[in-house]
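Along the sequence shown, residues carry numbers from 1. Start at 1 and go down the list; that is how both ligands and their atoms are numbered. The basis for the numbers below is simple: all heavy atoms, side chains too, and nothing from hydrogens, waters or symmetry mates.
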Amino acid sequence: MQEQLKTIVSECIKEAEKCTKEAEILEIKAKYLGKKSELFSLLASLKDMSVEDKKKYGSLLNKIKQELEQKINDCLEKINSKSKISFDPTLPIYEEYGSLHPITIVAKETTDILKRMGFTIVSGPEMEKEYYNFEALNIPSTHPARDMQDTYWLDNGLLLRTHTSPNQVRAMEKYGAPIKICAPGRCFRNEDLDASHENTFFQLEGMVIDENISISNLIYVMKGLLKEVFKQDVDVRLRPGFFPFVEPGFELDCSCLICHGKGCPTCKNSGWLELCPCGMIHPNVLEMSNIDTKKYTGFAFGLGLTRLAMMKYKIDDIRILNSGDLRFLKEFTGQED
Ligand code: FA5
């Protein structure tokens, strides 16, 4: 037994000293001192020993048990003391000022511009019902357009909204027509990430419904908004685009400000970046939300706020925006003024 005990002690000490995490040391404790350990079985076998052996091995086994417990506690303390954050309590609290995130800055700027144009800001849930994200936007479950927005479905039957367009439906239901709203917010898609695609990004929805609203009103608002946001002449182009909830639908692209239209990874070498799809709201969508289509028409747009921040601040890779890298964020100190 003496030999067996020597091996147990040396193995346990060797393994405990190698541990670098609390979970590891707790595993060693269970292995050498737990109910399934060799030591535990030896202690349990004491009751069947002769009085003489009990005396001899009882005190030896208990001594070893205490020794291993002590060793394991020491190792645990050593690990915990290393992971404690030490700080200097005399440091001034306001040594470093924070900064607004570039997306927060562009969201505020764009909504301020839209507010001056008479838009009201509304918001809706990020965890959304399938009805608002798809069906009420003329995208029934069998519609191939569902593939355009690869969706995160949740166990509770809801989904993470893939765009800010559900806010259109919620606003129509709540306020009816006429209406003029905008809704900035976070969206989620199960995307393959690259320089211009994130799985979590921001959009700004805009919607106007009134009598005699036409494509000219849409173009006027889009031009006014982008001119004020960029505060410089930026080439934009409007081309036909398909979205089941608008008819006609358009893609509004802006000339890539990273490469000035020459082509780069951010714009996938096209020189243009898809920024703000838009169009005249489909009559089915208006009717599903009880808007009188004989009296009212409307337009809607879905501005890619994250891409707008990229163009405005010449950020060539979208992934840095969600990275939480403080060195990057510090560059925006004071930008919000
Ligand atoms: C939509 O999401 C429509 N709801 C927009 C809309 C609203 C159309 C109202 C018509 C009327 P789209 O999937 O193209 O459309 O996304 C809109 C914009 O969001 C894109 O132009 C782009 O700027 C941005 N965007 C889309 N997916 C991503 C992504 N994975 N990462 C970053 N930005 C994205």
Numbered atoms and elements of ligand 1 in range of [X], under 4.0 angstrom, heavy atoms:
X      : answer
Gly304 : 19 (O), 23 (O), 24 (C)
Gln168 : 9 (C)
Ser196 : 31 (N), 32 (C)

Checking a contact table here: which protein heavy atom is nearest [atom], and how many Å away?
atom                    : answer
atom 22 (C) of ligand 1 : Arg307 NH1, 3.3 Å
atom 23 (O) of ligand 1 : Glu274 O, 3.1 Å
atom 31 (N) of ligand 1 : Glu198 N, 3.1 Å
atom 14 (O) of ligand 1 : Pro277 CG, 3.5 Å

Looking at Tyr132, I'd like to know if the NZ or CZ of Arg161 sits under 6.0 Å from its six-membered ring centre while staying within 45 degrees of the ring's axis.
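Not flagged: Arg161 not positioned over aromatic ring of Tyr132.
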May I ask whether [X] has any heavy atom positioned less than 4.0 angstrom from an atom of ligand 1?
X      : result
Met207 : no
Cys187 : no
Gly249 : no
Phe245 : yes

Rounded to the nearest 0.5 Å, what separation is found between the CG atom of Leu26 and the NZ atom of Lys29?
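The distance works out to 7.0 Å.
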Identified side-chain contact (heavy atoms from CB on, under 4.5 Å) partner of Arg307 from the options Cys254, Ser196, Cys276:
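Only one of Cys254, Ser196, Cys276 forms a side-chain contact (heavy atoms from CB on, under 4.5 Å) with Arg307, namely Ser196.
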Just one of Val234, Asp253, Leu226, Leu305 clears the side-chain contact (heavy atoms from CB on, under 4.5 Å) bar with Leu275, so which one?
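Result: among Val234, Asp253, Leu226, Leu305, Leu226 is the only option passing the side-chain contact (heavy atoms from CB on, under 4.5 Å) with Leu275.
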Answer yes or no: is there a donor N or O on one side and an acceptor on the other, between the side chain of Ser289 and the main chain of Leu286, under 3.5 Å?
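Not a single qualifying donor-acceptor pair exists.
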Is Leu42 close to Leu5 at the side-chain level, that is, under 4.5 Å between some pair of heavy atoms?
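Contact flag for Leu5/Leu42 side chains = yes.
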Side-chain contact test, heavy atoms from C-beta onward, threshold under 4.5 Å: evaluate it for His143 versus Glu135 and give yes or no.
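When only atoms from C-beta onward are counted, Glu135 and His143 do not touch, as no gap falls below 4.5 Å.
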Distance-only side-chain donor-acceptor flag, Gln70 / Asp74, under 3.5 Å:
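Indeed, the side chains of Gln70 and Asp74 share at least one donor-acceptor pair under 3.5 Å.
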Donor on one side chain, acceptor on other, Glu15 and Tyr32, under 3.5 Å:
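There is such a pair (donor and acceptor under 3.5 Å, judged by atom type) between the side chains of Glu15 and Tyr32.
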Salt bridge (charged side-chain N to carboxylate O under 4.0 Å, His left out), that's the test. Do Asp112 and Arg116 meet it? Break it down for me.
CA-CA 6 Å; Asp112 279 352; Arg116 287 200 294 276; 5.5 Å; no
Side chain, backbone, both or neither: which part of [X] has a heavy atom under 4.0 Å from ligand 1?
X      : value
Ile318 : side chain
Val246 : side chain
Phe301 : backbone
Ser165 : side chain

Given Phe243, Phe299, Phe201, Phe250, which one has a non-hydrogen atom that is nearest to atom 26 (C) of ligand 1?
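Considering heavy atoms of Phe243, Phe299, Phe201, Phe250, the nearest to atom 26 (C) of ligand 1 sits in Phe201.
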For atom 18 (C) of ligand 1, which candidate among Arg189, His197, Gln203 provides the closest heavy atom?
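When every heavy atom of Arg189, His197, Gln203 is considered, Gln203 comes closest to atom 18 (C) of ligand 1.
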Show, in sequence, the C-alpha distance, side-chain angles and deciding distance for Glu211 and Lys295, and conclude whether the side chain to side chain contact (heavy atoms under 4.5 Å, CB included) test is met.
CA-CA 6 Å; Glu211 292 176 38; Lys295 189 168 176 195; 3.1 Å; yes
Does ligand 1 come near enough to Glu205 that some N or O of the ligand is less than 3.5 Å from an N or O of the residue?
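No, Glu205 has no N/O under 3.5 Å of an N/O on ligand 1.
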